[in-house]
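We use all heavy atoms of the structure for the numbers below, so side chains are in, but hydrogens, waters and symmetry mates are not. Owing to the predicted nature of the structure, the values given are computational and were not obtained by experimental measurement. Below, chain A is the first sequence line, B the second, and so on; all start at residue 1.
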There are 2 protein chains.
Amino acid sequence: MNIDILYTHICSYVQISRDEFEFFFNLFKPVYLKKGEFHYVAGKVPKYWSFTLKGCLREYWIDTEGDEKIFQFYEENAWVGQIQSMVTQKPTDMNLQALEDCELLCITGDDMCNAVKTPWIQNFTMHKSFSDNASIMENSNRIKSASPEELYLEILKERPSLLLRVPQHYIANFLGIRKETLSRVRRRVAHL
Amino acid sequence: MNIDILYTHICSYVQISRDEFEFFFNLFKPVYLKKGEFHYVAGKVPKYWSFTLKGCLREYWIDTEGDEKIFQFYEENAWVGQIQSMVTQKPTDMNLQALEDCELLCITGDDMCNAVKTPWIQNFTMHKSFSDNASIMENSNRIKSASPEELYLEILKERPSLLLRVPQHYIANFLGIRKETLSRVRRRVAHL
DNA sequence: GAATGTCGTTGACTTGGATCAACAAATCAT
DNA sequence: ATGATTTGTTGATCCAAGTCAACGACATTC
(Lines give C-alpha, C1' and ligand atoms only; values in the text may rest on other atoms or scores of the structure.)
Protein backbone atom coordinates (compact mmCIF):
# COMPACT_ATOMS: atom_id res chain seq x y z
CA MET A 1 0.00 0.00 0.00
CA ASN A 2 0.98 3.61 -0.64
CA ILE A 3 0.92 4.49 3.02
CA ASP A 4 3.48 1.77 3.76
CA ILE A 5 5.82 2.96 1.04
CA LEU A 6 5.81 6.53 2.33
CA TYR A 7 6.01 5.42 5.97
CA THR A 8 9.06 3.27 5.27
CA HIS A 9 10.68 6.12 3.40
CA ILE A 10 10.10 8.65 6.17
CA CYS A 11 11.41 6.23 8.78
CA SER A 12 14.75 6.30 7.01
CA TYR A 13 15.01 9.93 8.18
CA VAL A 14 13.22 10.00 11.54
CA GLN A 15 11.83 7.54 14.10
CA ILE A 16 8.04 7.86 14.37
CA SER A 17 5.13 5.63 15.16
CA ARG A 18 2.63 4.63 12.56
CA ASP A 19 -0.04 6.65 14.40
CA GLU A 20 1.94 9.87 14.36
CA PHE A 21 2.59 9.33 10.69
CA GLU A 22 -1.01 8.79 9.71
CA PHE A 23 -1.98 12.38 10.40
CA PHE A 24 0.75 13.54 8.01
CA PHE A 25 -0.17 10.96 5.37
CA ASN A 26 -3.76 12.18 5.32
CA LEU A 27 -2.59 15.55 4.04
CA PHE A 28 -1.45 13.94 0.80
CA LYS A 29 -3.61 13.31 -2.20
CA PRO A 30 -2.77 11.17 -5.22
CA VAL A 31 -2.10 12.81 -8.58
CA TYR A 32 -1.86 10.90 -11.84
CA LEU A 33 0.12 12.21 -14.80
CA LYS A 34 0.07 10.88 -18.35
CA LYS A 35 3.34 10.59 -20.24
CA GLY A 36 4.31 14.06 -21.45
CA GLU A 37 2.15 15.99 -18.99
CA PHE A 38 3.58 18.69 -16.72
CA HIS A 39 3.28 18.81 -12.94
CA TYR A 40 4.59 22.36 -12.75
CA VAL A 41 6.00 24.87 -15.21
CA ALA A 42 8.44 27.77 -15.19
CA GLY A 43 6.97 31.17 -14.35
CA LYS A 44 4.48 29.88 -11.80
CA VAL A 45 4.58 28.84 -8.16
CA PRO A 46 4.20 25.05 -7.95
CA LYS A 47 1.12 23.95 -6.02
CA TYR A 48 2.55 20.79 -4.49
CA TRP A 49 5.47 19.12 -2.91
CA SER A 50 5.31 15.53 -4.16
CA PHE A 51 6.51 12.02 -3.57
CA THR A 52 6.89 9.74 -6.58
CA LEU A 53 5.10 6.42 -6.18
CA LYS A 54 5.33 5.29 -9.77
CA GLY A 55 6.93 6.57 -12.94
CA CYS A 56 9.79 8.76 -14.03
CA LEU A 57 9.97 12.52 -14.52
CA ARG A 58 12.45 15.09 -15.78
CA GLU A 59 12.97 18.55 -14.33
CA TYR A 60 14.47 21.12 -16.68
CA TRP A 61 14.84 24.83 -17.27
CA ILE A 62 15.32 26.94 -20.38
CA ASP A 63 18.67 28.67 -20.67
CA THR A 64 19.41 32.09 -22.16
CA GLU A 65 19.78 30.57 -25.66
CA GLY A 66 16.35 28.98 -25.34
CA ASP A 67 17.72 25.46 -24.96
CA GLU A 68 16.30 22.94 -22.51
CA LYS A 69 18.71 21.95 -19.74
CA ILE A 70 17.74 18.93 -17.69
CA PHE A 71 18.50 19.45 -14.02
CA GLN A 72 17.33 16.15 -12.60
CA PHE A 73 15.44 12.91 -13.19
CA TYR A 74 13.10 11.51 -10.55
CA GLU A 75 12.12 7.87 -10.18
CA GLU A 76 10.15 5.89 -7.60
CA ASN A 77 10.51 7.03 -3.97
CA ALA A 78 11.92 10.43 -4.82
CA TRP A 79 10.68 13.77 -3.51
CA VAL A 80 10.18 16.44 -6.07
CA GLY A 81 9.18 20.08 -5.75
CA GLN A 82 10.43 23.60 -5.54
CA ILE A 83 10.19 24.24 -1.82
CA GLN A 84 11.99 27.56 -1.93
CA SER A 85 9.58 28.79 -4.58
CA MET A 86 6.56 27.61 -2.56
CA VAL A 87 7.78 29.19 0.67
CA THR A 88 8.64 32.55 -0.87
CA GLN A 89 5.78 32.50 -3.40
CA LYS A 90 8.27 33.44 -6.13
CA PRO A 91 7.76 31.58 -9.42
CA THR A 92 10.14 28.73 -10.14
CA ASP A 93 12.15 28.53 -13.34
CA MET A 94 11.88 24.75 -13.50
CA ASN A 95 9.51 22.56 -15.47
CA LEU A 96 8.56 19.09 -14.30
CA GLN A 97 7.41 16.70 -16.99
CA ALA A 98 6.35 13.05 -16.80
CA LEU A 99 8.45 10.79 -19.02
CA GLU A 100 6.05 7.92 -18.29
CA ASP A 101 2.58 7.66 -16.78
CA CYS A 102 3.15 8.68 -13.17
CA GLU A 103 1.52 8.38 -9.79
CA LEU A 104 2.44 10.96 -7.18
CA LEU A 105 1.45 11.74 -3.59
CA CYS A 106 1.07 15.48 -3.23
CA ILE A 107 0.83 17.94 -0.38
CA THR A 108 0.04 21.64 -0.83
CA GLY A 109 2.42 24.36 0.27
CA ASP A 110 -0.04 25.60 2.90
CA ASP A 111 -0.57 22.15 4.38
CA MET A 112 3.15 21.60 4.45
CA CYS A 113 3.77 24.94 6.20
CA ASN A 114 1.28 23.90 8.87
CA ALA A 115 2.57 20.36 9.15
CA VAL A 116 6.05 21.67 9.76
CA LYS A 117 4.88 22.91 13.15
CA THR A 118 4.79 19.28 14.24
CA PRO A 119 8.26 18.61 15.67
CA TRP A 120 8.99 15.33 13.90
CA ILE A 121 7.92 16.75 10.55
CA GLN A 122 10.10 19.77 11.01
CA ASN A 123 12.89 17.43 12.00
CA PHE A 124 12.36 15.32 8.91
CA THR A 125 12.19 18.36 6.65
CA MET A 126 15.40 19.75 8.07
CA HIS A 127 17.33 16.54 7.78
CA LYS A 128 16.08 15.99 4.28
CA SER A 129 17.04 19.51 3.34
CA PHE A 130 20.56 19.01 4.72
CA SER A 131 21.03 15.81 2.84
CA ASP A 132 19.62 17.31 -0.38
CA ASN A 133 22.08 20.10 0.05
CA ALA A 134 24.98 17.70 0.35
CA SER A 135 23.93 15.68 -2.66
CA ILE A 136 23.35 18.69 -4.90
CA MET A 137 26.81 19.91 -3.91
CA GLU A 138 28.36 16.58 -4.73
CA ASN A 139 26.57 16.48 -8.06
CA SER A 140 27.62 19.98 -8.93
CA ASN A 141 31.22 19.11 -8.07
CA ARG A 142 31.24 16.02 -10.20
CA ILE A 143 29.95 17.80 -13.26
CA LYS A 144 32.52 20.51 -12.81
CA SER A 145 35.46 18.13 -12.99
CA ALA A 146 34.56 14.95 -14.87
CA SER A 147 34.98 14.05 -18.54
CA PRO A 148 32.02 12.77 -20.60
CA GLU A 149 33.29 9.24 -20.19
CA GLU A 150 33.59 9.57 -16.43
CA LEU A 151 30.12 11.11 -16.26
CA TYR A 152 28.64 8.23 -18.22
CA LEU A 153 30.39 5.58 -16.14
CA GLU A 154 29.22 7.35 -13.01
CA ILE A 155 25.58 7.36 -14.01
CA LEU A 156 25.87 3.79 -15.27
CA LYS A 157 27.05 2.77 -11.82
CA GLU A 158 24.86 5.02 -9.66
CA ARG A 159 21.59 5.07 -11.58
CA PRO A 160 21.56 2.15 -14.02
CA SER A 161 17.75 2.08 -14.04
CA LEU A 162 17.68 5.55 -15.59
CA LEU A 163 19.53 4.33 -18.66
CA LEU A 164 16.87 1.69 -19.23
CA ARG A 165 13.86 3.98 -19.12
CA VAL A 166 15.06 7.43 -20.24
CA PRO A 167 15.87 8.25 -23.91
CA GLN A 168 19.60 8.66 -24.47
CA HIS A 169 19.42 12.21 -25.72
CA TYR A 170 17.87 13.22 -22.40
CA ILE A 171 20.69 11.49 -20.55
CA ALA A 172 23.19 13.35 -22.74
CA ASN A 173 21.45 16.64 -22.04
CA PHE A 174 21.48 15.89 -18.30
CA LEU A 175 25.23 15.19 -18.43
CA GLY A 176 25.81 18.40 -20.34
CA ILE A 177 27.10 16.69 -23.48
CA ARG A 178 25.78 16.14 -27.04
CA LYS A 179 23.81 13.06 -27.91
CA GLU A 180 26.42 12.21 -30.57
CA THR A 181 29.17 12.37 -27.97
CA LEU A 182 27.25 10.12 -25.60
CA SER A 183 26.70 7.64 -28.41
CA ARG A 184 30.44 7.56 -29.13
CA VAL A 185 31.33 7.26 -25.45
CA ARG A 186 28.98 4.31 -25.14
CA ARG A 187 30.56 2.54 -28.09
CA ARG A 188 34.05 3.11 -26.70
CA VAL A 189 33.06 1.90 -23.23
CA ALA A 190 31.33 -1.20 -24.67
CA HIS A 191 34.46 -2.15 -26.64
CA LEU A 192 36.70 -2.31 -23.56
CA MET B 1 29.66 45.37 17.47
CA ASN B 2 29.71 41.72 16.44
CA ILE B 3 26.42 40.99 18.09
CA ASP B 4 24.72 43.66 15.98
CA ILE B 5 26.12 42.30 12.77
CA LEU B 6 24.87 38.81 13.46
CA TYR B 7 21.54 40.06 14.80
CA THR B 8 20.91 42.10 11.68
CA HIS B 9 21.81 39.16 9.53
CA ILE B 10 19.51 36.75 11.33
CA CYS B 11 16.65 39.24 11.18
CA SER B 12 16.80 39.01 7.40
CA TYR B 13 15.54 35.44 7.81
CA VAL B 14 13.28 35.55 10.87
CA GLN B 15 11.63 38.13 13.14
CA ILE B 16 13.01 37.91 16.67
CA SER B 17 13.62 40.24 19.56
CA ARG B 18 17.06 41.20 20.68
CA ASP B 19 16.51 39.33 23.93
CA GLU B 20 15.60 36.07 22.26
CA PHE B 21 18.64 36.44 20.08
CA GLU B 22 21.09 37.03 22.89
CA PHE B 23 20.78 33.47 24.19
CA PHE B 24 21.73 32.18 20.75
CA PHE B 25 24.57 34.65 20.35
CA ASN B 26 26.15 33.53 23.61
CA LEU B 27 26.70 30.07 22.12
CA PHE B 28 29.17 31.53 19.64
CA LYS B 29 32.83 32.09 20.29
CA PRO B 30 35.24 34.08 18.13
CA VAL B 31 37.94 32.28 16.16
CA TYR B 32 40.82 34.04 14.45
CA LEU B 33 42.60 32.54 11.45
CA LYS B 34 45.85 33.72 9.91
CA LYS B 35 46.14 33.84 6.14
CA GLY B 36 46.75 30.31 4.90
CA GLU B 37 45.39 28.55 7.98
CA PHE B 38 42.66 25.92 7.78
CA HIS B 39 39.38 25.97 9.66
CA TYR B 40 38.55 22.39 8.72
CA VAL B 41 40.10 19.76 6.51
CA ALA B 42 38.96 16.79 4.44
CA GLY B 43 38.75 13.47 6.27
CA LYS B 44 37.56 14.93 9.55
CA VAL B 45 34.26 16.11 10.98
CA PRO B 46 34.32 19.94 11.27
CA LYS B 47 33.96 21.20 14.82
CA TYR B 48 32.02 24.37 14.07
CA TRP B 49 29.40 26.04 12.03
CA SER B 50 30.67 29.57 11.49
CA PHE B 51 29.71 33.06 10.51
CA THR B 52 32.34 35.20 8.77
CA LEU B 53 32.83 38.58 10.43
CA LYS B 54 36.02 39.55 8.62
CA GLY B 55 38.14 38.09 5.87
CA CYS B 56 37.81 35.77 2.92
CA LEU B 57 38.06 31.99 2.68
CA ARG B 58 38.06 29.30 0.03
CA GLU B 59 36.43 25.89 0.32
CA TYR B 60 37.84 23.18 -1.93
CA TRP B 61 38.12 19.45 -2.35
CA ILE B 62 40.67 17.20 -4.03
CA ASP B 63 39.43 15.36 -7.10
CA THR B 64 40.39 11.87 -8.26
CA GLU B 65 43.40 13.21 -10.16
CA GLY B 66 44.65 14.92 -7.00
CA ASP B 67 43.79 18.42 -8.23
CA GLU B 68 42.26 21.07 -6.01
CA LYS B 69 38.75 22.12 -7.02
CA ILE B 70 37.39 25.25 -5.40
CA PHE B 71 33.75 24.86 -4.49
CA GLN B 72 33.05 28.26 -2.97
CA PHE B 73 34.49 31.52 -1.65
CA TYR B 74 33.16 33.09 1.54
CA GLU B 75 33.37 36.78 2.43
CA GLU B 76 31.94 38.90 5.23
CA ASN B 77 28.49 37.91 6.54
CA ALA B 78 28.55 34.44 5.04
CA TRP B 79 27.81 31.20 6.85
CA VAL B 80 30.27 28.45 6.32
CA GLY B 81 30.32 24.86 7.51
CA GLN B 82 29.49 21.30 6.61
CA ILE B 83 26.23 20.84 8.47
CA GLN B 84 25.48 17.48 6.93
CA SER B 85 28.87 16.18 8.03
CA MET B 86 28.39 17.53 11.56
CA VAL B 87 24.90 16.08 11.90
CA THR B 88 25.83 12.62 10.62
CA GLN B 89 29.35 12.63 12.09
CA LYS B 90 30.72 11.52 8.74
CA PRO B 91 33.96 13.24 7.70
CA THR B 92 33.65 15.99 5.12
CA ASP B 93 35.66 16.00 1.92
CA MET B 94 36.01 19.77 1.92
CA ASN B 95 38.87 21.93 3.12
CA LEU B 96 38.30 25.48 4.34
CA GLN B 97 41.30 27.78 4.11
CA ALA B 98 41.68 31.46 5.00
CA LEU B 99 42.83 33.57 2.06
CA GLU B 100 43.28 36.54 4.41
CA ASP B 101 43.45 36.94 8.18
CA CYS B 102 39.92 36.06 9.27
CA GLU B 103 37.57 36.56 12.18
CA LEU B 104 34.75 34.06 12.59
CA LEU B 105 31.94 33.46 15.05
CA CYS B 106 31.67 29.74 15.71
CA ILE B 107 29.13 27.42 17.26
CA THR B 108 29.79 23.74 17.93
CA GLY B 109 27.69 20.99 16.37
CA ASP B 110 26.36 19.94 19.78
CA ASP B 111 25.34 23.46 20.75
CA MET B 112 23.67 23.90 17.39
CA CYS B 113 21.75 20.63 17.72
CA ASN B 114 20.44 21.84 21.06
CA ALA B 115 19.73 25.33 19.87
CA VAL B 116 17.64 23.98 17.03
CA LYS B 117 15.05 22.90 19.62
CA THR B 118 14.20 26.58 19.99
CA PRO B 119 11.44 27.21 17.46
CA TRP B 120 12.80 30.40 15.91
CA ILE B 121 16.24 28.87 15.48
CA GLN B 122 14.81 25.83 13.81
CA ASN B 123 12.78 28.13 11.62
CA PHE B 124 15.86 30.13 10.71
CA THR B 125 17.91 27.00 10.01
CA MET B 126 15.23 25.56 7.78
CA HIS B 127 14.72 28.73 5.78
CA LYS B 128 18.43 29.16 5.38
CA SER B 129 18.78 25.57 4.27
CA PHE B 130 16.04 26.04 1.65
CA SER B 131 17.61 29.15 0.27
CA ASP B 132 21.08 27.57 0.24
CA ASN B 133 19.60 24.71 -1.68
CA ALA B 134 18.10 27.02 -4.27
CA SER B 135 21.31 28.97 -4.73
CA ILE B 136 23.52 25.88 -5.05
CA MET B 137 21.12 24.60 -7.67
CA GLU B 138 21.24 27.85 -9.57
CA ASN B 139 25.01 27.89 -9.40
CA SER B 140 25.28 24.32 -10.57
CA ASN B 141 22.96 25.11 -13.48
CA ARG B 142 24.94 28.11 -14.56
CA ILE B 143 28.23 26.24 -14.65
CA LYS B 144 26.63 23.48 -16.65
CA SER B 145 25.59 25.76 -19.48
CA ALA B 146 27.74 28.87 -19.61
CA SER B 147 30.91 29.62 -21.60
CA PRO B 148 34.06 30.88 -19.85
CA GLU B 149 33.23 34.41 -20.95
CA GLU B 150 29.70 34.21 -19.59
CA LEU B 151 31.00 32.78 -16.33
CA TYR B 152 33.47 35.62 -15.96
CA LEU B 153 30.91 38.31 -16.74
CA GLU B 154 28.54 36.70 -14.27
CA ILE B 155 31.01 36.74 -11.42
CA LEU B 156 32.12 40.25 -12.36
CA LYS B 157 28.53 41.36 -11.98
CA GLU B 158 27.47 39.29 -8.99
CA ARG B 159 30.60 39.25 -6.85
CA PRO B 160 32.90 42.06 -7.99
CA SER B 161 34.56 42.23 -4.58
CA LEU B 162 35.89 38.70 -5.03
CA LEU B 163 37.89 39.74 -8.08
CA LEU B 164 39.62 42.41 -6.02
CA ARG B 165 40.76 40.21 -3.16
CA VAL B 166 41.16 36.68 -4.57
CA PRO B 167 44.07 35.67 -6.84
CA GLN B 168 42.95 35.14 -10.43
CA HIS B 169 44.06 31.55 -10.66
CA TYR B 170 41.72 30.74 -7.78
CA ILE B 171 38.88 32.45 -9.62
CA ALA B 172 39.72 30.45 -12.74
CA ASN B 173 39.76 27.24 -10.72
CA PHE B 174 36.38 28.14 -9.19
CA LEU B 175 34.91 28.73 -12.65
CA GLY B 176 36.30 25.43 -13.86
CA ILE B 177 38.61 26.95 -16.47
CA ARG B 178 42.43 27.39 -16.81
CA LYS B 179 44.14 30.49 -15.54
CA GLU B 180 45.45 31.14 -19.07
CA THR B 181 41.91 31.03 -20.42
CA LEU B 182 40.67 33.43 -17.77
CA SER B 183 43.51 35.79 -18.58
CA ARG B 184 42.56 35.76 -22.27
CA VAL B 185 38.86 36.19 -21.51
CA ARG B 186 39.68 39.22 -19.37
CA ARG B 187 41.69 40.80 -22.13
CA ARG B 188 38.94 40.20 -24.66
CA VAL B 189 36.28 41.62 -22.35
CA ALA B 190 38.40 44.68 -21.52
CA HIS B 191 38.84 45.47 -25.22
CA LEU B 192 35.12 45.72 -25.87
C1' DG C 1 0.36 0.10 -44.50
C1' DA C 2 2.14 4.44 -45.88
C1' DA C 3 3.60 8.41 -43.76
C1' DT C 4 5.52 10.89 -40.11
C1' DG C 5 8.17 11.48 -36.12
C1' DT C 6 11.41 9.97 -32.57
C1' DC C 7 15.68 7.99 -31.51
C1' DG C 8 20.32 6.45 -31.99
C1' DT C 9 24.57 5.93 -34.90
C1' DT C 10 28.25 7.22 -37.87
C1' DG C 11 31.34 10.22 -40.74
C1' DA C 12 33.67 14.64 -41.93
C1' DC C 13 34.92 18.92 -40.40
C1' DT C 14 35.64 22.80 -37.13
C1' DT C 15 36.80 24.95 -33.00
C1' DG C 16 37.34 26.49 -28.20
C1' DG C 17 39.83 25.67 -24.53
C1' DA C 18 43.65 22.72 -22.55
C1' DT C 19 48.42 22.09 -22.56
C1' DC C 20 53.23 23.33 -22.71
C1' DA C 21 56.64 26.76 -22.33
C1' DA C 22 58.69 31.07 -21.59
C1' DC C 23 58.71 35.28 -19.39
C1' DA C 24 57.27 39.66 -16.84
C1' DA C 25 55.58 41.64 -12.66
C1' DA C 26 54.50 41.66 -8.05
C1' DT C 27 55.06 39.92 -3.33
C1' DC C 28 57.46 37.78 0.39
C1' DA C 29 61.22 36.32 3.37
C1' DT C 30 65.50 37.04 5.46
C1' DA D 1 68.25 45.08 -1.03
C1' DT D 2 68.14 40.57 -3.14
C1' DG D 3 66.89 36.21 -4.19
C1' DA D 4 62.82 33.12 -4.17
C1' DT D 5 58.12 32.30 -4.69
C1' DT D 6 53.68 33.52 -6.31
C1' DT D 7 50.93 35.47 -9.78
C1' DG D 8 49.53 36.89 -14.41
C1' DT D 9 50.33 37.23 -19.54
C1' DT D 10 51.29 35.69 -24.11
C1' DG D 11 52.39 32.50 -27.97
C1' DA D 12 52.31 27.95 -30.33
C1' DT D 13 50.32 23.55 -30.66
C1' DC D 14 46.97 19.86 -29.93
C1' DC D 15 42.86 17.43 -29.14
C1' DA D 16 38.28 16.35 -27.36
C1' DA D 17 33.92 17.54 -28.09
C1' DG D 18 30.75 20.40 -30.79
C1' DT D 19 28.55 20.96 -35.25
C1' DC D 20 26.47 19.58 -39.47
C1' DA D 21 24.55 16.15 -42.28
C1' DA D 22 22.94 11.72 -43.68
C1' DC D 23 20.85 7.38 -42.66
C1' DG D 24 18.62 3.26 -40.54
C1' DA D 25 15.60 1.28 -36.97
C1' DC D 26 11.55 1.68 -34.54
C1' DA D 27 7.05 3.59 -32.95
C1' DT D 28 2.96 6.11 -33.65
C1' DT D 29 -0.93 7.60 -36.04
C1' DC D 30 -4.41 8.35 -39.31
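Per the geometry, CG belonging to B/N173 stands 11 Å off P belonging to C/dA18, to the nearest Å. Going from atom CD of B/E68 over to atom P of D/dT6 covers 12 Å, rounded to whole Å. Rounded to an integer number of Å, the gap from B/R188 CZ to C/dG17 C1' is 10 Å. Separating the OH atom of A/Y152 from the C1' atom of D/dA17 is a distance of 18 Å, rounded to the nearest angstrom. Taking atom NZ of B/K34 as the reference point, atom C1' of C/dA29 lies 16 Å away to the nearest angstrom. C/dC20 atom C1' lies 12 Å from atom CZ of B/R178, rounded to whole Å. Atom P of nucleotide D/dT19 and atom CG of A/D67 are separated by 9 Å, given to the nearest angstrom. Taking atom CD of residue B/E180 and atom P of nucleotide D/dC14, one finds them 17 Å apart after rounding to whole Å.
For B/D4 and B/R18, the salt-bridge test passes: some basic side-chain N is under 4.0 Å from an acidic carboxylate O.
In this structure, B/I62 and B/E68 have side chains that are in contact, with non-hydrogen atoms separated by less than 4.5 Å. Residues B/V80 and B/Y40 form a side-chain contact, since some pair of their non-hydrogen atoms from C-beta on lies under 4.5 Å apart.
For the segment residues 161-172 of chain A, the set of residues with a heavy atom within less than 4.0 Å of an atom of DNA chain C comprises A/P167, A/Q168, A/H169, in numerical order.
Nucleic acid contact class of B/I177 (heavy atoms, under 4.0 Å, all strands): sugar-phosphate only.
A/M86 and A/Y48 get closest at one heavy-atom pair: SD-O, 3.5 Å. A/C11 approaches A/I16 most closely through the heavy-atom pair SG-O, 4.2 Å.
Taking 4.0 angstrom as the limit, A/R187 places a side-chain polar atom (N or O) nearer than this to OP1 or OP2 of C/dT10.
If you check C/dA18, D/dA17, D/dT10 against the side chain of B/T181, the one that comes closest is C/dA18.
Residue-environment remark: NZ (A/K47) stays at or below the threshold of 12 foreign heavy atoms within 6.0 Å.
Both B/R186 and A/K35 sit near DNA chain D, but only B/R186 has its closest nucleotide nearer the 5' end. Annotation: of the two residues near DNA chain D, A/P148 and A/K179, the 5′-most nearest-nucleotide partner is A/P148.
Counting atom types as modelled, A/R184 pairs no side-chain N or O with a base atom of C/dG8 as donor and acceptor under 3.5 Å.
With hydrogens and angles disregarded, no donor-acceptor distance shorter than 3.5 Å links the side chain of B/D93 to the backbone of B/A42.
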